[in-house]
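Written below as structure tokens is the structure these notes are about.
Reminder, nothing fancy here: chain letters follow the sequence lines and each chain counts from 1. All values below were derived from every heavy atom in this structure, side-chain atoms included, with hydrogens, water molecules and symmetry-related copies excluded.
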Number of protein chains: 4
Amino acid sequence: MRARNSSTEQDAGPPRRTFTESARRAQIVDAAIAVIADLGYAKTSFAKIAKQAGLSSTGMISYHFAGKDDLMRAVVAEVMRVADEHLRPRIEAQPNASARLRTYIESNIALLIDFPKHLAALVEVLANLRDEGPDQFGYAASMDSIMSFQAERMRDAQRTGEFREFDVTVMVHAIRGAIDEVVGRARTDPDLDLVANGRELADLFDRATRNTT
Amino acid sequence: MRARNSSTEQDAGPPRRTFTESARRAQIVDAAIAVIADLGYAKTSFAKIAKQAGLSSTGMISYHFAGKDDLMRAVVAEVMRVADEHLRPRIEAQPNASARLRTYIESNIALLIDFPKHLAALVEVLANLRDEGPDQFGYAASMDSIMSFQAERMRDAQRTGEFREFDVTVMVHAIRGAIDEVVGRARTDPDLDLVANGRELADLFDRATRNTT
Amino acid sequence: MRARNSSTEQDAGPPRRTFTESARRAQIVDAAIAVIADLGYAKTSFAKIAKQAGLSSTGMISYHFAGKDDLMRAVVAEVMRVADEHLRPRIEAQPNASARLRTYIESNIALLIDFPKHLAALVEVLANLRDEGPDQFGYAASMDSIMSFQAERMRDAQRTGEFREFDVTVMVHAIRGAIDEVVGRARTDPDLDLVANGRELADLFDRATRNTT
Amino acid sequence: MRARNSSTEQDAGPPRRTFTESARRAQIVDAAIAVIADLGYAKTSFAKIAKQAGLSSTGMISYHFAGKDDLMRAVVAEVMRVADEHLRPRIEAQPNASARLRTYIESNIALLIDFPKHLAALVEVLANLRDEGPDQFGYAASMDSIMSFQAERMRDAQRTGEFREFDVTVMVHAIRGAIDEVVGRARTDPDLDLVANGRELADLFDRATRNTT
DNA sequence: GATGAATGAGAATTCATTCAT
DNA sequence: TATGAATGAATTCTCATTCAT
């Protein structure tokens with residue numbers, strides 16, 4: 001039998017899942033995050049994930065997820081959930097766009113410290129999982145919507161004069177790229193001073209966005 | 001027979017290669033770049049590369065390269081060679097650090113237009129090929145040395161007062177990350193206005209580095 | 001998934017195997033014995049074993065065994081088991097060392113008649129499977145322990161005066177070598193009179209060990 | 001083009017070989033002996049032999065030998081040549097059958113000391129290269145003829161009463177098996193006291209053959 | 001005579017997935 | 001729900017051999 005419900009529900013309503021099923025799914029997703037962060041996307045397999053999760057067979061994974069892509073979407077969703085939970089309150093507590101920008105960058109780096117594998121796994125998956133066909137229901141989509149939202153916020157700040165004029169899309173993606181680069185580097189270099197990197201990065205983009213007129 | 005010589009020669013001198021061998025190697029490397037850029041590192045296989053190169057068997061690749069890693073190192077080296085050839089003269093023609101920085105960014109984007117697959121392949125390989133063991137002769141190593149060089153140049157500009165004080169390492173990596181993000185996005189979105197992106201990115205980092213005192 | 005458990009368990013307790021798994025493993029081991037005996041170690045491959053076992057793919061073998069070495073260890077263990085079962089009661093029924101020696105030799109030859117492929121496979125594997133690294137759990141190790149045991153028994157017989165003085169290690173290995181030679185010859189020459197060979201060999205080593213003072 | 005002449009000439013007369021050709025063949029055979037002794041027959045390949053011989057391609061080997069079997073026959077022939085050269089004068093210098101037997105055994109062991117790889121390679125090849133088809137022109141054939149010769153000599157000694165009555169074929173093969181076992185063990189255990197082993201083995205078979213009436 | 005390049009088959013192993021129980 | 005067993009394609013790599021130069 002095929003997995004009863006995929007991770008991205010394009011059909012009606014959220015899937016009903018029993019407690020055990022949800023627990024199993026979460027267990028598998030966590031294992032997947034760990035394996036992807038440790039070995040990289042290319043060397044990740046159901047077998048390694050099952051081993052990491054303490055499962056006896058890969059059949060279990062296929063049972064709970066519609067396929068590799070489905071599992072990866074679930075990984076993305078989980079990391080997004082954790083990231084949102086971690087970032088949103090911090091960011092929304094800030095008084096202005098400039099502070100929010102700084103908080104966004106520094107909180108991303110803080111997330112990297114608190115959940116070292118989550119962002120690494122996210123970057124790996126998004127880099128490797130190009131949306132093929134029209135079934136792009138969760139990969140980059142959720143990431144894209146976040147970035148669109150940030151871009152809109154930036155545009156607001158430009159209107160109020162807090163930020164200078166610049167292409168917000170380029171800016172948002174540049175910030176994302178710079179953060180992801182730190183994520184990748186943190187993997188290689190465990191001695192990297194993340195806090196300092198976050199602060200410097202925040203300074204950098206503060207300068208780049210601030211209105212100096 | 002095994003591949004006679006690997007791509008990274010730590011021993012004495014460059015390997016002697018006949019004309020035919022060099023041609024075949026180049027042919028395979030080119031095919032690898034195309035396949036990696038199109039399908040991503042994870043879905044790249046010798047079979048696909050052989051097909052792309054018009055080779056009859058994957059054995060041919062094993063014959064010319066010591067293994068998958070060796071081929072990937074050759075890919076990195078080739079892209080670096082093309083990039084260097086493309087970037088260096090443009091950059092060195094600039095009168096000051098600020099202009100060099102702008103040229104570096106815009107020329108990278110121009111490279112993305114002229115050789116659409118090269119940078120994509122490079123980013124894919126560097127992201128997926130974690131250096132295992134001490135045999136990291138060429139992967140990230142050559143990239144690192146380039147970035148160290150750029151950092152040193154930036155420090156010079158700080159001493160002359162052309163650039164403000166900032167952590168040059170962070171800056172260099174942020175620039176790299178921002179460019180790589182564009183590379184990744186260009187893969188997905190063929191309508192992306194690369195020239196505009198390059199100009200905006202150059203503006204961004206000009207603001208971030210400039211001394212405004 | 002990888003094979004769940006290797007054939008030599010150095011860790012705690014025997015591996016739990018389901019009935020089906022044990023049956024498949026036995027089936028594969030039997031097929032391996034047949035192929036090795038027929039074609040020799042060098043020409044034995046998973047493909048040939050799978051065919052002999054009526055399996056659809058070589059993947060099945062990799063599924064049940066951790067690798068070629070693991071399968072070979074299982075082959076050695078199985079032959080040892082059969083041999084022990086066959087030899088031990090006969091030998092232990094004998095009243096003295098001299099009779100035990102004769103029985104050991106003749107029963108080995110009898111084993112060659114009853115299970116023509118088992119000893120042939122054993123000799124092939126032990127000759128070709130050089131223990132690489134410290135993981136020699138079962139190859140020559142179990143064989144060595146058997147021979148040490150025999151040597152100790154011989155030493156006892158020397159103390160009682162039943163056997164003359166000689167280097168028991170050399171004797172034990174000479175006997176083994178002589179038997180293995182018959183095993184090898186039996187493969188080539190189906191007309192070989194094994195019973196006569198066994199009797200003559202027993203006479204030979206009886207003379208060589210007997211105390212004639 | 002196929003190799004001009006195979007190692008076993010069933011056709012008329014010895015092949016004409018130029019000096020260089022003979023030198024190359026000898027070089028390859030020597031390399032083959034070393035590789036077989038070191039890695040075992042199963043892991044020996046043209047590639048490894050070419051590397052050992054300092055040759056740039058395996059084509060060279062195929063050029064000089066009609067195939068793998070042909071090379072192996074040449075290996076056997078070479079080892080036999082060296083062995084004969086080493087053993088014959090020593091054995092023929094002995095006054096009687098008993099002394100010749102002892103010398104045969106001890107000289108074999110001495111050969112193992114002087115040319116550690118030769119006998120090891122021989123045993124490997126003979127154990128793995130079962131004569132398939134009617135083309136058994138050199139493998140076991142030459143070995144067989146030697147053993148037949150030895151058997152005949154033993155029969156003579158039985159007629160003169162120097163040796164007791166026994167099955168000479170069995171005896172000859174038992175001796176061979178015992179020696180080969182030492183050869184195999186010497187590979188594993190470099191500390192093995194070969195001289196002592198040879199002496200003990202000679203004693204053993206002296207007892208087994210001597211007429212004690 | 002000799003070489004390097006190529007071939008195509010075959011090696012062991014891992015893969016995601018399916019299915020009967 | 002869950003599991004272990006099986007599948008068959010695909011992976012990288014090595015093999016002995018051939019052939020044009």
Answer with base, sugar-phosphate or nothing: what part of the nucleic acid does C:Ser57 contact at a heavy-atom distance below 4.0 Å? base

Grab the CD1-P distance between A:Ile61 and E:dT14 for me, whole Å please. 16 Å

Within the structure, does a side-chain N or O atom of B:His64 lie under 4.0 Å from either OP1 or OP2 of E:dA6? yes

Based on Watson-Crick and G-U pairs with both distances under 3.5 Å, what dot-bracket line describes DNA chain E 5' to 3', crossing pairs as [ ] and inter-strand pairs as |? .||||||||||||||||||||

When the P atoms of F:dT21 and E:dG1 are compared, how many Å lie between them, rounded to an integer? 22 Å

Can a side chain N or O of D:Ser45 be found less than 4.0 Å away from OP1 or OP2 on F:dT14? no

Just N and O in the side chain of A:Lys48: are any of them under 4.0 Å from OP1 or OP2 of E:dT14? no

Report yes if at least one side-chain N or O of C:Ser56 is closer than 4.0 Å to OP1 or OP2 of F:dT7; otherwise report no. yes

Please determine whether a side-chain nitrogen or oxygen atom of D:Tyr63 lies at a distance below 4.0 Å from atom OP1 or OP2 of E:dA2. no

For A:Leu39 and E:dT14, give me the distance from atom CG to atom P, rounded to whole Å. 14 Å

Can a donor-acceptor pair under 3.5 Å be found between the side-chain atoms of B:Thr58 and the base atoms of F:dC13? yes

Would you indicate, yes or no, if E:dG1 has its OP1 or OP2 atom less than 4.0 angstrom from a side-chain nitrogen or oxygen of D:Arg24? no

